[in-house]
Amino acid sequence: MSTPTYSAADCKEVLFSEQQIDEIITRLAREIEDTYKGSKNRLVMVITLKGALPFASALMKKINIPIQYECVKVSSYGSGTKSSGEVKLHLDLQISDPENTDLLIIEDIIDSGNTLSFLTAYLKSRRPASVRVCTLLDKPSRREVDFTPDFNGAQIPDKFVVGFGLDFDENYRALPFIGVLKEEIYS
Ligand code: IMP
Ligand code: MG
């Protein structure tokens with residue numbers, strides 16, 4: 001087993017370079033603008049901490065319509081690479097009355113689908129005008145519950161990825177690219 005350096009050297013493959021991530025985000029921003037530009041509601045990004053932070057930050061700067069943001073924290077993962085299936089809300093929306101509000105959940109990656117099934121159901125129960133989901137990455141082959149995002153950056157195979165917000169035990173989030181972690185780091 002090799003010793004982790006928590007750097008790019010722990011990745012065996014770059015899946016998306018900084019430039020490729022930028023291109024994906026530019027396309028998503030246009031799709032989001034097209035969807036919401038006629039809406040009379042206020043648009044609020046609901047950023048899922050911590051993984052979606054770099055993605056949301058880059059995305060909001062490219063969306064040329066008025067936008068607000070809120071942060072929520074949900075977790076389905078303990079440490080390691082396997083979902084526990086149990087989802088908990090640790091930080092709630094700070095909006096008391098989401099009427100006349102379009103909520104756009106920003107997620108880093110969809111895996112089993114448990115986190116977003118839970119979060120969309122919860123946010124819909126608060127009765128906003130709409131709830132949609134934008135994810136940077138999607139691993140459809142890993143679904144345990146049926147879930148389809150409204151905006152999808154890229155579909156990826158069943159590989160554990162890190163960087164651009166994505167972590168393994170809180171490390172690698174600050175890498176500017178998205179890479180596949182070497183198996184020996186987590187096995
Ligand atoms: P789900 O509830 O199984 O869909 O889990 C989604 C969450 O699992 C994401 O928000 C990530 O925090 C985490 N996750 C899933 N796959 C990966 C991965 O390949 N790398 C890092 N985190 C992941
Ligand atoms: Mg995570």
Side-chain angles (χ1 to χ4, degrees), residues 4-18 20-21 24-25 28 45-60 69-93 103-124 131-187:
T5 58
Y6 306 121
S7 72
D10 294 342
C11 292
K12 62 175 179 186
E13 180 194 340
V14 173
L15 219 49
F16 300 99
S17 66
E18 267 189 270
Q20 287 171 318
I21 294 171
I24 289 170
I25 293 175
L28 289 172
M45 266 188 176
V46 179
I47 303 168
T48 58
L49 297 176
K50 295 180 257 186
L53 206 59
F55 172 42
S57 161
L59 181 63
M60 68 175 78
Y69 66 85
E70 289 278 316
C71 296
V72 294
K73 194 164 195 299
V74 263
S75 68
S76 68
Y77 269 52
S79 63
T81 61
K82 291 257 154 58
S83 171
S84 67
E86 185 196 345
V87 185
K88 282 187 186 143
L89 184 70
H90 301 280
L91 174 68
D92 200 353
L93 216 58
L103 296 178
L104 175 60
I105 301 171
I106 308 296
E107 178 63 304
D108 51 0
I109 188 165
I110 309 177
D111 190 57
S112 68
N114 286 319
T115 305
L116 283 178
S117 306
F118 167 88
L119 187 60
T120 46
Y122 167 68
L123 292 177
K124 280 178 182 168
V131 178
R132 289 188 180 87
V133 170
C134 174
T135 188
L136 178 59
L137 300 177
D138 186 15
K139 285 197 246 185
S141 66
R142 300 255 308 170
R143 282 299 191 288
E144 290 168 16
V145 290
D146 193 27
F147 191 89
T148 308
D150 301 275
F151 307 97
N152 193 348
Q155 294 200 342
I156 63 164
D158 181 10
K159 292 178 175 179
F160 195 79
V161 292
V162 294
F164 204 70
L166 291 149
D167 73 304
F168 171 63
D169 277 354
E170 296 303 325
N171 294 307
Y172 308 103
R173 291 193 197 274
L175 293 181
F177 62 89
I178 293 168
V180 180
L181 200 59
K182 289 176 180 166
E183 274 97 12
E184 59 260 40
I185 304 288
Y186 59 84
S187 55

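If you're wondering where the values come from, they're calculated on a predicted model, not measured in any experiment. One-based numbering, in listed order, for ligands and for the atoms of each.
- Contact annotation for Asp108 and ligand 1: only side-chain heavy atoms (C-beta onward) come within less than 4.0 Å of the ligand.
- Among Ile109, Val161, Val162, the residue whose heavy atom sits closest to atom 20 (N) of ligand 1 is Val161.
- Ser75 has its side chain within reach of His90: a pair of non-hydrogen atoms, C-beta onward, lies under 4.5 Å apart.
- Distances from atom 17 (C) of ligand 1 to the heavy atoms of Phe118, Phe147, Phe160 put Phe160 nearest.
- Counting heavy-atom neighbours within 6.0 Å of Lys88 NZ, excluding the residue itself, gives a total of 12 or less.
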Would Phe164 and Leu137 count as a side-chain contact (heavy atoms from CB on, under 4.5 Å) here? Give the steps. CA-CA 11 Å; Phe164 204 70; Leu137 300 177; over 6 Å; no
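- Every atom of ligand 1 is numbered from 1 in the order shown, and the set under 4.0 Å from a heavy atom of Lys159 is 19 (O).
- Of all the heavy atoms of Lys139, the ones lying under 4.0 Å from any atom of ligand 1 belong exclusively to the side chain.
- Residue contacts with ligand 1, taken as heavy atom pairs separated by less than 4.0 Å, involve Leu166 solely via side-chain atoms from C-beta onward.
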Under the criterion side-chain contact (heavy atoms from CB on, under 4.5 Å), I'd like the reasoning laid out for Arg143 against Ile110: C-alpha separation, chi angles, the key distance, then a yes or no. CA-CA 8 Å; Arg143 282 299 191 288; Ile110 309 177; 3.6 Å; yes
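- Within the 4.5 Å cutoff, no side-chain heavy atoms of Pro149 are placed close to those of Leu116.
- Less than 4.0 angstrom separates some heavy atom of Thr115 from each of these atoms of ligand 1: 1 (P), 2 (O), 5 (O), 6 (C).
- Side-chain contact between Phe16 and Ile156: present, with at least one pair of heavy atoms (C-beta onward) separated by less than 4.5 Å.
- At least one N or O atom of Gly113 sits closer than 3.5 Å to an N or O atom of ligand 1.
- Here Glu107 has side-chain heavy atoms under 4.0 Å from ligand 1, and that is the only part of it that gets that close.
- For the pair Ile110 and ligand 1, the shortest N or O to N or O distance does not fall below 3.5 Å.
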Quick one, Phe151 with Leu104, criterion side-chain contact (heavy atoms from CB on, under 4.5 Å). Give me CA distance, side-chain angles, the key distance, then yes/no. CA-CA 10 Å; Phe151 307 97; Leu104 175 60; 3.8 Å; yes
